[in-house]
Asks: 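Please see the structure below; I have some questions.
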Amino acid sequence: MYLLYMHLVILCSLTLGNAEVIQHTFKDGCPQFFYKGTEPSGIVPKNAARICQVYENQYQFATMYDRALRIPLYSAYIYENGMAERTKWMIEPQLVDPSNSKAMEADHDTDIDEALLAASQAVDADYAGAAEFYDRGHLNPAAHHKDGPASESTCTLTNIVPQDKTLNQGPWALYEGAPMRKRANGCDKTYAIVGVIPGKKTISHGRVNVPSKIWAAACCIMKTKGVKSWAVIADNTGTATVDPITIENLQNEIKKYTGRGVTLFHKDCLTPP
């Protein structure tokens, strides 16, 4: 898994993409990444940015970004057992100014003023100084998509958080592989949401929040009949395990941070696996 991870990091090299910041709800832009078009409730920060991530003229996934913490709180996508293709790390121009282009730009190639860019979001340099302890942990993983563009689209700084290196390259990488494939076996479509619970630590001199926990949840539309759902959670530490958790208990864990009632999926997909 470690060699695979290093290979994926090196692949972050050249291609450009697009994204669109939505002003109200994801229904205004990319509801297709949520079961019955219903985005999670209770996970909207004060400085929220809803991003419909567009790449090669197609919507690829959705991200709820916290501008103040400079991390995504969750990314939502359609799970596929696929490949891992990546491009150069991107930034989101519209977070600087809504009138900017929807096209993502490579962090090191953008013409946007560096101070304005850094004020609006995390940048490549934020993670470079913390590389000894933290990986750039994808919420929407590159390997959960079948085609190159969908996989490449995950290589954006609005889709990553500082994730403990041991967790990211060990238990979490393992969960993203065989256990997720096994869970999704028999699903006609799997709606995935991967998110975090922010913590008290930061990197880059307080600029970027380090999550205290990483979580993942899924809503599976069965090929035969009905639906099933599942979830896991892990402390963002080097000694953590990825533990199963009910959707209800996960919502309660997130509620401890948000202070509001949390619902991850439409009520029709809250049945146990």
Asks: Classify the ring geometry between His138 and Trp89 as parallel (under 30°), tilted (30 to 60°) or perpendicular (over 60°).
Replies: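 The rings of His138 and Trp89 sit tilted, inter-plane angle from 30° to 60°.
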Asks: For the atom pair CD (Glu39) and NZ (Lys27), what is the distance rounded to the nearest 0.5 Å?
Replies: 8.5 Å
Asks: Would you check, one step at a time, whether the test salt bridge (charged side-chain N to carboxylate O under 4.0 Å, His left out) holds for Asp124 with Arg136?
Replies: CA-CA 10 Å; Asp124 187 68; Arg136 302 166 190 233; 2.6 Å; yes
Asks: Please examine the side chains of Asp268 and Lys36, heavy atoms only from C-beta on, and report whether any two atoms are closer than 4.5 Å.
Replies: yes
Asks: Rounded to the nearest 0.5 Å, what's the gap from CG on Asn159 to CD on Glu92? Could you check?
Replies: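 So the CG of Asn159 and the CD of Glu92 are separated by 12.5 Å.
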Asks: Side chains of Val208 and Ile71: closer than 4.5 Å at any heavy-atom pair?
Replies: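 A side-chain contact exists here, since the closest heavy-atom pair is under 4.5 Å.
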Asks: Without placing hydrogens or testing angles, list every side-chain donor-acceptor pair under 3.5 Å for residues 185-201, not counting sequence neighbours.
Replies:
none

Asks: Consider only side-chain heavy atoms of I, L, V, M, F, W and Y, link residues closer than 4.5 Å, and tell whether Phe133 and Ile203 are in one cluster.
Replies: yes
Asks: Out of curiosity, Leu264 CG to Cys269 SG, how far, rounded to the nearest 0.5 Å?
Replies: 10.5 Å
Asks: Any heavy-atom pair between the side chains of Asn236 and Leu167 that's under 4.5 Å?
Replies: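 When only atoms from C-beta onward are counted, Asn236 and Leu167 do touch, with a gap below 4.5 Å.
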Asks: Using modelled atom types and a 3.5 Å cut-off, is there a donor and acceptor pairing between side-chain atoms of Arg50 and backbone atoms of Tyr65?
Replies: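 Not at all, since once roles are kept as given, no pair shorter than 3.5 Å links the two residues.
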Asks: With sequence neighbours left out, what residues match Phe33 under ring-ring contact (aromatic ring centres under 6.0 Å, His included)?
Replies: none
Asks: Determine the interplanar angle of the Tyr77 and His145 rings, folded into 0 to 90°, and report it as parallel if under 30°, tilted if 30 to 60°, perpendicular if over 60°.
Replies: tilted
